[in-house]
Each structure stands twice: as structure tokens, then as C-alpha cells.
Amino acid sequence: MAEEVGNYFDLDQPSPYMLLVSPVKESRRTILPTDYHDLGLWEKLYHERSDIQSVTHLDFSARIQTVHKETNPRYHALIKEFQRQTGFGLVVNTSFNVRGEPIVCTPHDAYRCFMSTEMDVLVINNFVFMKQEQPDWENREKWVVNFKMD
């Protein structure tokens, strides 16, 4: 949420289009082990770098999207509720696709991707799909589409 950005990042301006990268606040970072720079890529990648690990890049930066109540009230309300339940006023925002597939463009694409992955819940507008309530939900392979690589 735009009003919470200063609690997490060293950013003093709006970033409504996810165009800016900003450092994670020092107070949220974890102390790196002394041999951190000697670790392999996988060890670095999975080392906990902050209390907002899912958005913290290897260099302690994050790509920021500020969500404003005035311009996106439903998404803002969702994040506000997440904050009420978890204490964190931010969520991960990422492209909706899996490796090797194009980005989801239609509700059908979204549903197929949802059904072929380990996601538990899909929300599209006012519709909430719980994985275990879907027909044939255990047959993930049924939903997989193989795309020809470029």
C-alpha cells in the first residue's frame, strides 16, 4: 500500500506501474553470514535476506508497485486485510505464468494455469476458485499445455 511503502523500502515517491527498484530498509534486512560472498548462487538465492523475503532481491532491492486507495480501492482493500491478518502491508505481485508458457491473457488461460500448478486459490473479479472444489482437481496433467519454445 502506498502509505506503507516507507515501512519497507527506501523510496520517497509513488511507483504505481512497478517501474522503480528500491533498497529494502536496513531495519528489515537480516545479517549475512561472513562467507555469504563465497556461497554458490543457489545458497545465496535461498538465504533469508529480510523479513519480506519473497520480494527481496539478492542485492537487497525490490521492484516496487505502490497501490493507492484512490486509484485501486479493491486491491488496496485486499492488501489492507492481508495486513490485518499478518502484520505485513504488502503482497507479492508478479506475472501470471509458469516457466516456458506465455503470460495469462484470458480467464480460461488463468484457470488452466491454476489447475496445472500448485496454486490453492484463484480469484478473478468476484469469483473465487478453491482448487479442491474444482472438478478433476487432482489430475494436474489434464490441464498442462505444452508450448513450442522460441
Side-chain angles (χ1 to χ4, degrees), residues 1-107 109-134 137-138 140-141 143-144 147:
M1 297 180 294
E3 65 272 22
E4 293 288 324
V5 74
N7 293 328
Y8 301 98
F9 309 104
D10 293 328
L11 183 68
D12 59 359
Q13 63 185 21
S15 180
Y17 303 109
M18 209 169 177
L19 296 176
L20 301 178
V21 173
S22 175
V24 171
K25 285 194 118 18
E26 289 276 346
S27 61
R28 302 208 83 94
R29 299 178 187 186
T30 58
I31 297 171
L32 295 176
T34 55
D35 66 342
Y36 179 78
H37 298 293
D38 297 325
L39 297 175
L41 178 60
W42 286 111
E43 289 82 12
K44 285 181 183 177
L45 184 62
Y46 290 104
H47 178 78
E48 188 172 311
R49 291 174 299 285
S50 77
D51 68 342
I52 52 173
Q53 178 68 14
S54 59
V55 301
T56 305
H57 301 157
L58 287 175
D59 66 354
F60 291 101
S61 67
R63 191 157 46 126
I64 312 300
Q65 177 185 13
T66 52
V67 178
H68 303 258
K69 185 177 183 178
E70 302 76 25
T71 56
N72 202 337
R74 290 182 73 193
Y75 192 31
H76 188 277
L78 174 77
I79 301 169
K80 188 76 171 170
E81 178 61 19
F82 183 80
Q83 181 184 39
R84 187 187 71 72
Q85 292 187 29
T86 67
F88 290 89
L90 75 164
V91 296
V92 174
N93 185 1
T94 188
S95 58
F96 189 179
N97 69 316
V98 294
R99 185 181 180 117
E101 294 189 7
I103 292 176
V104 164
C105 291
T106 67
D109 292 345
Y111 187 79
R112 187 203 49 75
C113 186
F114 163 65
M115 292 299 290
S116 68
T117 64
E118 295 183 25
M119 285 185 263
D120 298 316
V121 180
L122 173 67
V123 178
I124 302 175
N125 294 324
N126 292 328
F127 297 94
V128 178
F129 300 91
M130 306 297 290
K131 177 70 70 68
Q132 293 186 358
E133 295 174 3
Q134 303 309 302
W137 70 272
E138 291 176 312
R140 283 180 35 188
E141 295 304 315
W143 301 96
V144 173
F147 290 88

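None of the values given here were measured: they were computed from a predicted structure.
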Are Phe82 and Met1 close enough, and set up right, to give a side-chain contact (heavy atoms from CB on, under 4.5 Å), and what steps lead you there?
CA-CA 11 Å; Phe82 183 80; Met1 297 180 294; over 6 Å; no
Sub-3.5 Å donor-acceptor pair from the side chain of [X] to the main-chain atoms of [Y], do we have one?
X: Arg49; Y: Lys44; answer: yes
X: Ser116; Y: Arg112; answer: yes
X: Ser50; Y: Thr56; answer: no
X: Arg28; Y: Asn7; answer: yes
X: Glu43; Y: Gly40; answer: yes
X: Thr86; Y: Phe88; answer: yes
X: Thr66; Y: Ser15; answer: yes

Where do [X] and [Y] come nearest, in terms of heavy atoms and distance?
X: Val55; Y: Ala62; value: O-CB, 3.1 Å
X: Pro102; Y: Asn97; value: O-CB, 3.3 Å
X: His68; Y: His76; value: C-CD2, 4.0 Å

Does the side chain of [X] reach to within under 4.5 Å of the side chain of [Y], using non-hydrogen atoms?
X: Leu11; Y: Gln13; answer: yes
X: Phe60; Y: Leu32; answer: yes
X: Val91; Y: Tyr75; answer: yes

Between Phe129 and Tyr111, how do the two ring planes meet: parallel, tilted or perpendicular, split at 30° and 60°?
perpendicular
Apply side-chain contact (heavy atoms from CB on, under 4.5 Å) to residues Leu20 and Phe9 and explain how you reach the verdict.
CA-CA 11 Å; Leu20 301 178; Phe9 309 104; over 6 Å; no
Mind checking the [atom1]-[atom2] spacing from [X] to [Y]? Nearest 0.5 Å is all I need.
X: Thr30; Y: Tyr36; atom1: OG1; atom2: OH; result: 9.0 Å
X: Ile52; Y: Arg29; atom1: CD1; atom2: CZ; result: 10.0 Å
X: Ile64; Y: Asn93; atom1: CD1; atom2: CG; result: 11.0 Å
X: Arg63; Y: Thr94; atom1: CZ; atom2: OG1; result: 7.5 Å
X: Ile79; Y: Asn72; atom1: CD1; atom2: CG; result: 8.0 Å
X: Glu101; Y: Arg99; atom1: CD; atom2: CZ; result: 12.5 Å

Worked check of side-chain contact (heavy atoms from CB on, under 4.5 Å) between Val98 and Cys113:
CA-CA 8 Å; Val98 294; Cys113 186; 4.1 Å; yes
If you draw a 6.0 Å radius around CG in Leu41, do more than 12 non-hydrogen atoms from other residues or ligands fall strictly inside?
yes
For Lys69, does the NZ atom have more than 12 heavy-atom neighbours from other residues, nucleotides or ligands under 6.0 Å away?
no
Geometric cation-pi criterion, Lys25 with Tyr8: 6.0 Å, 45°:
no
Evaluate the criterion side-chain contact (heavy atoms from CB on, under 4.5 Å) for residue pair Asp109 and Phe96; output intermediate values, then yes/no.
CA-CA 10 Å; Asp109 292 345; Phe96 189 179; over 6 Å; no
